[in-house]
Amino acid sequence: MERYDPKEIERKWRARWLEEKVFAARDDSPKPKYYALVEFPYPSGDGLHTGHVRSYTAMDIVARKRRMEGYNVLYPIGWDAFGLPTENYAIKTGIHPKIVTKKNTDTFRRQLQSLGFSFDWDREVNTTDPGYYRWTQWIFLQFYKKGLAYKEKMPINWCPSCKIGLANEEVVSGKCERCGTPVERREKEQWMLAITKYADRLLADLDTVEYLEKIKTQQVNWIGKSEGAELGFAVADADGVPPLIVFTTRPDTLFGATYMVVAPEHPLVHRLEDRITNLGEVAEYMKKAAAKTEEERLAEGREKTGVEIKGIKAVNPATKEEIPVFVADYVLGSYGTGAIMAVPAHDERDFAFAKKFALPIRQVVARHSAEAHPAGADLPYTGGGILMNSGPFDGMDSEAAKREIVKAVGGRAKTQFHLRDWVFSRQHYWGEPIPVVFCEKDGMVPVPEKDLPVMLPDIEKYQPTDTGESPLSAIREWVNVACPACGGPARRETDTMPNWAGSSWYFLRYTDPKNDKAFAAPEKLKHWMQVDWYNGGMEHTTLHLLYSRFWNKFLYDLGAVPVSEPYMKRTSQGMVLGKGGDKMSKSKGNVVNPDSVVENFGADTLRVYEMFMGPFDQAIPWDDKSIQGAGRFLERFWNYALGLIEATKEEKERYEARAQQPKRAALHRTIKKVGDDIEAMKFNTAISAMMSLLNELTASEGDGHAAALPDEDLRALIKILGPFAPHMAQELWSRMGGATYLDFEPWPVYDPKLAVEDETTLVFQVDGRVRDTVRAARGIGEEEARAMALANEKVRAALAGREPKRVIFVKDRLVNVVA
RNA sequence: GCCCGGGUGGCGGAAUGGCAUACGCAGGGGACUUAAAAUCCCCGGCCCGCAAGGGCGUGUGGGUUCGACUCCCACCCUGGGCACCA
C-alpha cells in the first residue's frame with residue numbers, strides 16, 4: 001500500500017485549488033450566502049504565527065462545512081499593513097515601507113496558502129493600497145461632514161519612545177501598549193472621532209448580536225454606562241457666578257455631601273482666582289497633578305492627595321450648609337463634569353479623603369432602618385437602603401429618594417459613559433494621510449472627494465520628530481497645495497490616521513474589493529452583509545471590535561451600508577503559548593514557525609494538532625511531541641481508508657460479512673458529534689471522536705483484520721474529516737473515484753435511527769456505589785433490569801443480606817439499589 | 001477593588017446529575033527486526049493486598065440528592081479584562 005505522503009498530496013491539491021479558483025465566492029449564486037471572517041493579519045517581518053493558524057483553521061473548518069451544507073461562502077483575507085513595526089524597520093534600514101510590506105505580504109500569502117485555507121484569493125485587500133485607503137479617506141470625510149471628526153487641543157498620551165500619541169485604548173496600565181514605555185501627558189491638537197455619540201447604540205445593539213458572553217461583557221464595561229443626575233452647587237457669596245455642576249449616581253446621598261472636589265483641570269480656579277486666599281498652594285498642586293503621568297499616579301496607589309481652595313465655599317443645595325471645596329486628582333477632568341459632591345459616609349474614595357483631611361462624615365443611608373444600623377457602623381456603606389439625616393426624605397427608600405431629591409433641588413437626570421472620543425491623529429509616516437488642508441483664507445477645508453486619494457508621498461526620512469510633528473511636514477512640495485476652495489496658498493494636514501482606521505471597514509471592502517466608484521456597491525453589500533461569523537483574538541475585543549461597529553453604524557446612518565451591526569456572531573480563540581506556558585516571544589526563543597511544522601509534518605497535521613491541542617477558547621502551550629499524535633492519527637486514517645479502497649472484491653465481501661451494526665452506529669454518532677462540535681467550536685472533542693471511531697474500526701476482531709465500511713459509510717467518514725484535513729480527505733475522495741471537489745459534496749446526514757446500538761452497558765449500584773457493569777439489550781424495562789440487578793452476585797455481596805428499601809432505575813443506564 | 005474565565009493522572013485535556021480520568025502525549029511491558037527507527041498489541045490515579053478484593057480519590061470546608069467533577073453556600077489559588085469613572 002502506498003504510504004501517506006502529505007508533501008506530495010498537499011502540493012497537488014493546493015495548486016489545483018488556486019489555479020481553478022475553487023473557493024472564489026460568487027456574487028450571483030442562487031445558493032444562500034455565508035460570510036465567514038477572520039481578522040486580517042498585520043504582515044510583520046516575523047511571518048505567520050501559530051496563533052493565526054489556530055484562528056484561520058477554525059474558521060476554515062466552518063467555511064468548508066458550510067460549503068458542504070450548500071452555502072455560497074465568502075471567506076476572504078487581506079493585509080492590515082499600515083503600522084509602526086514596518087515604519088520602524090524603514091527607519092532603521094532606509095528601505096521604503098512599501099517594499100517591506102510587499103515582501104512581508106508575499107511571505108504571508110505563501111504561508112497561508114501552504115496551510116490550505118480556503119480563502120478567496122481574488123478578494124485580497126491591502127489597507128496600504130491607494131485604491132483601498134482612498135475609501136478610508138472618503139469615510140473620514142463623511143465623518144468630517146457630519147461633524148463627527150473634529151480637531152481639539154487636548155492632553156494626549158504621548159509615548160516618548162515611539163514618538164506617537166496614543167488613544168486611551170492603547171495605554172495599558174500607564175504604559176505604551178506596543179513598547180512598554182511609560183506614557184507622558186502632552187497638550188496637542190488632535191483629530192478626534194466622536195464615537196461617544198454612538199455610545200448608547202453601541203451598547204444597546206449588543207442585544208441584537210450573538211457574541212460570546214465575555215466579549216459582550218467587555219464591551220459593556222468599556223462603554224461603561226452610568227445613570228445618574230447633574231446637580232448644581234452654588235458658590236457662596238458669589239452672585240452671578242454659575243453654580244458648580246456635579247455628576248452623581250447617588251443623588252439620594254445629597255444630604256451627606258460634606259465637601260466638594262474639583263479636578264485639577266477644572267476651570268473654577270481660574271474663574272475665581274482673585275478670591276482664593278491660598279492661590280499659590282492651589283496652583284502648585286494643579287501644576288504637579290497635570291505633569292503627573294499615569295505611571296506615577298499608579299505608583300502612588302490609592303493614597304489621596306489634594307488641597308483645599310480657601311476663600312471659596314459651596315452651598316449644599318439640600319442642607320444649605322456651606323461646605324469646603326478641594327482640588328484633588330482623584331477626581332478626573334475627563335469624566336462627568338470634572339467636579340463631584342463628596343459623600344464620605346457612602347463612598348470609599350471620599351471616605352479615605354475625609355479621614356485624611358479630618359472632614360465631617362455624615363451617614364444618610366442605613367441598610368434597613370436607622371435603628372437597625374446604628375450611626376457610624378461599618379462606614380463607608382455604599383449600598384442602598386433607607387434614608388436618615390435627610391430632613392423630609394427620612395425613611396424613604398434610596399431608589400425613590402434618587403428621583404425625589406433630584407426633583408427637589410432642581411437637578412436633571414443624566415447618563416454618563418466611560419467611553420471617550422477616539423483620538424484619531426498620529427504623527428507618523430506609514431498611515432493614511434488625513435484628507436484636509438488648511439487655507440490661509442478659508443481655514444480648514446476638506447479635500448474634495450474627487451481628489452482622493454491623498455497619496456502618501458515618497459520620502460527620505462521616516463523618523464518622527466521630537467516636537468511631535470509628522471515626518472510628512474518636512475516634504476514642502478507635498479505640504480504646500482492650492483486651497484481646493486479658493487485656489488490660494490494652503491497646507492496639507494500632516495497627521496496620519498491610526499492603524500485602526502483601515503481595519504474599521506475592511507469587511508465591507510471584501511464584498512466588492514475592486515470597485516473604484518464606491519467603497520463597495522450597494523447590491524454587493526446587500527448580498528453579503530452582515531458577516532455571519534467573525535472569529536478573532538480577545539485582544540481586539542475593546543478596540544477593533546468597537547471601532548468597526550462604530551464605523552459600520554455611521555455608514556448605516558448614511559444609508560451606505562444595509563445593516564446596523566456588522567457582525568452577527570463573534571468568537572475568540574485562545575492564545576498558543578510557547579513550551580512551558582509562556583507567551584511566545586523572540587526574546588524567549590520559544591517561537592514556533594509554522595513553516596517548519598508544515599515541512600516536517602504537513603499542513604493537515606498542523607491543522608489537526610492546533611484544533612486538537614485543547615479547548616478552542618483557552619490558552620494552550622505548544623508541545624512538539626503532541627503534534628506526532630495528530631500525524632499518527634492522519635496516517636492511520638490514511639492506511640485504513642486506502643486499505644478499504646484498494647481491497648479486492650473478495651476481501652470486501654469477507655469484511656462486509658462481519659456484523660456491521662455497532663460500527664455503523666458508531667459512525668453515525670460520530671457524524672453527529674463532529675457536526676455539533678464544529679458549531680460549538682469544540683474542535684478538540686470532534687477530533688477525539690474521530691480518533692475513537694478509527695480506533696474502533698481498526699481494532700482487530702480476532703481475525704487480524706479491521707472492520708469494513710460500505711463505500712457509502714467510508715465516504716461519510718472522509719467527508720467529516722475533510723474540513724480538518726482537507727488535502728488528505730480530498731486525495732482519498734478522488735481515489736474513491738470522486739471527480740468533484742469534496743467541499744461541494746453534501747455534508748453527511750446523521751441518522752438517529754442508525755446511531756443507536758442494540759446493546760447498552762447497564763451499571764449496577766448499591767447505595768450509589770458502582771458494584772458491577774453488564775451488557776444488556778437496549779430498552780429493557782424496569783422490572784427486568786431490577787431483577788437482573790438483584791440477582792447479580794456483586795450486588796448481593798454488597799447488600800450482605802440487607803433488604804433493598806428502594807430501587808432507582810434509569811433506562812439503558814443504571815440500577816441503583818438503596819438499602 | 002470590580003467584571004469574566006479556570007482549578008480533574010507525570011503532561012494537554014474528556015465527561016445531558018448516573019461506569020471519573022475518553023482522546024492524545026510521555027512512561028512501562030511485549031511482538032516484528034541481526035539491530036535501531038517506524039509500526040502493531042497490552043498496561044498505566046493513589047493506598048493496602050501474592051491475588052481475589054477493599055478503601056481513598058476531580059483546589060478546601062459545608063449542603064442538596066438514591067447518586068455530585070457537574071447544582072447551592074462559604075473560602076483558597078490561578079489566568080484575563082477594567083480600574084480613583086463619582
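Chain naming here is simple, since letters A, B, ... match the order of the sequence lines and numbering starts at 1 in each.
- Using atom C1' as the reference point in both rC69(B) and rC19(B), the two lie 14 Å apart (nearest Å).
- Here the P atom of nucleotide rC19(B) and the CZ atom of Arg775(A) are 15 Å apart, to the nearest Å.
- Both distances falling under 3.5 Å, in either a Watson-Crick or a G-U wobble arrangement, place rC71(B) opposite rG63(B).
- Looking at Thr249(A) and Ser226(A), their side chains come closer than 4.5 Å, going by heavy atoms from C-beta outward.
- Spacing between rG54(B) and rG5(B) at atom P, rounded to whole Å, works out to 41 Å.
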What's touching nucleotides 24-33 of chain B from the protein side, N or O pairs under 3.5 Å?
unit_1, atom_1, unit_2, atom_2, d
rG24(B), OP1, Asn695(A), ND2, 3.3
rC25(B), OP1, Arg632(A), NH1, 2.5

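- Comparing the same atom, P, in rC4(B) and in rA68(B) gives a spacing of 29 Å after rounding to whole Å.
- Asp676(A) has its CG atom 17 Å from the P atom of rA14(B), to the nearest Å.
- Across all strands shown, Thr773(A) has heavy atoms under 4.0 Å from base atoms, whether or not it also approaches the sugar-phosphate.
- Checked against the 6.0 Å centroid threshold, Phe724(A) and Phe612(A) do not count as a close aromatic pair.
- Checking Thr382(A), Ile361(A), Asp252(A), Thr253(A) one by one against Val343(A), the side-chain contact (heavy atoms from CB on, under 4.5 Å) holds for a single residue, Thr253(A).
- Note on ring orientation: taking the six-membered ring where Trp is involved, the planes of Tyr609(A) and Trp622(A) are perpendicular (angle over 60°, cut-offs 30° and 60°).
- A distance of about 46 Å separates the C1' atoms of rC84(B) and rU16(B), rounded to the whole Å.
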Considering only distance and modelled atom types, tabulate donor-acceptor pairs under 3.5 Å from the side chains of residues 680-690 of chain A, sequence neighbours left out.
unit_1, atom_1, unit_2, atom_2, d
Thr685(A), OG1, Asp677(A), OD2, 2.8
Thr685(A), OG1, Lys682(A), O, 3.0
Ser688(A), OG, Thr685(A), O, 3.1

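- For NZ of Lys225(A), the number of neighbouring non-hydrogen atoms (other residues, nucleotides, ligands) closer than 6.0 Å is greater than 12.
- Taking atom CG of Asn221(A) as the reference point, atom C1' of rG5(B) lies 14 Å away to the nearest angstrom.
- Nucleic acid contact class of Arg3(A) (heavy atoms, under 4.0 Å, all strands): none.
- Separating the C1' atom of rG18(B) from that of rC71(B) is a span of 15 Å, rounded to the nearest Å.
- Look at the P atom in both rA52(B) and rG57(B): the space between them is 22 Å, to the nearest Å.
- For rG13(B), the glycosidic angle deviates from 0 by more than 90°, giving an anti base.
- Contacts of Asp812(A) classified as salt bridge (charged side-chain N to carboxylate O under 4.0 Å, His left out), with partners at least two apart in sequence or in another chain: Arg778(A).
- Within residues 778-787 of chain A, no residue approaches RNA chain B, by heavy-atom distance under 4.0 Å.
- At a threshold of 4.0 angstrom between heavy atoms, the contacts of Val770(A) are confined to the sugar-phosphate backbone, with no base atom among them.
- Figure legend. rC82(B) is base-paired to rG1(B); pairs are counted as Watson-Crick or G-U wobble with both atom distances under 3.5 Å.
- Side-chain atoms of Ser334(A) and Arg420(A) include a donor-acceptor pair closer than 3.5 Å.
- Taking the O4'-C1'-N9-C4 or O4'-C1'-N1-C2 dihedral as appropriate, rG9(B) has a value within 90° of 0 and is therefore syn.
- If you measure from atom OH of Tyr640(A) to atom C1' of rC40(B), you get 17 Å, rounded to the nearest angstrom.
- Here Thr761(A) lies in heavy-atom contact (under 4.0 Å) with a base.
- Rounded to an integer number of Å, the gap from Leu694(A) CG to rC40(B) P is 10 Å.
- Listed pair Thr541(A) / rG81(B) fails the phosphate criterion, with no side-chain N or O lying under 4.0 Å from OP1 or OP2.
- Nearest to the side chain of Pro615(A), among rG13(B), rC19(B), rA86(B), sits rG13(B).
- Between Glu793(A) atom CD and rG53(B) atom P there is a gap of 11 Å when expressed in whole angstrom units.
- Residues Phe357(A) and Tyr259(A) keep their aromatic ring centres 6.0 Å or farther apart.
- Taking only side-chain nitrogens and oxygens, Tyr335(A) comes nearer than 4.0 Å to OP1 or OP2 of rA86(B).
- rU39(B) and rU33(B): their C1' atoms are spaced 12 Å apart (whole Å).
- If you take CG of Asp347(A) and P of rG1(B), they are 16 Å apart, rounded to a whole angstrom.
- For Gln618(A), taking side-chain heavy atoms from C-beta onward, the closest of the listed nucleotides rA14(B), rG13(B), rA86(B) is rG13(B).
- In this structure, Tyr198(A) has its ring center no closer than 6.0 Å to that of Trp422(A).
- Base-pair partner of rC40(B): rG30(B) (Watson-Crick or G-U wobble, both distances under 3.5 Å).
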Sort me out a list of protein N/O and nucleotides 62-66 of chain B N/O pairs below 3.5 Å, or just none if empty.
unit_1, atom_1, unit_2, atom_2, d
rC66(B), OP1, Arg806(A), NH1, 3.2
rC66(B), O2, Asn816(A), ND2, 2.3

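- Between the side chain of Lys304(A) and the base of rC84(B), a donor-acceptor pair under 3.5 Å is found.
- Taking atom CG of Leu577(A) as the reference point, atom P of rC11(B) lies 17 Å away to the nearest angstrom.
- Asp350(A) comes within contact range of no nucleotide atom at all, as no heavy-atom separation falls under 4.0 Å.
- Counting heavy atoms from C-beta outward, Met341(A) and Leu244(A) have side chains that stay 4.5 Å or more apart.
- Here the side chain of Lys216(A) pairs a donor or acceptor atom with the backbone of Val209(A) at under 3.5 angstrom.
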Practice item. Could you walk me through whether Asn816(A) and Arg806(A) pass side-chain hydrogen bond (donor to acceptor under 3.5 Å, both in side chains), step by step? Key: CA-CA 8 Å; Asn816(A) 183 13; Arg806(A) 207 178 140 189; over 6 Å; no
Set out, in order, the CA-CA distance, both residues' side-chain angles and the distance that settles side-chain hydrogen bond (donor to acceptor under 3.5 Å, both in side chains) for Thr415(A) and Glu227(A), then state yes or no. CA-CA 5 Å; Thr415(A) 302; Glu227(A) 310 256 23; 3.2 Å; yes
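- Using N1 to N3 plus N6-O4 or O6-N4 for Watson-Crick, or N1-O2 and O6-N3 for G-U wobble, each under 3.5 Å, rA22(B) pairs with nothing.
- A 3.5 Å limit on both hydrogen-bonding distances identifies rG45(B) as the Watson-Crick or G-U partner of rC56(B).
- Residues forming a salt bridge (charged side-chain N to carboxylate O under 4.0 Å, His left out) with Arg771(A) (at least two apart in sequence, or on another chain): none.
- Where Val763(A) and Ile620(A) each meet RNA chain B at their nearest nucleotide, the meeting point lying more 5' is that of Ile620(A).
- Spacing of C1' atoms, rC73(B) relative to rU64(B), comes out at 11 Å, to the nearest Å.
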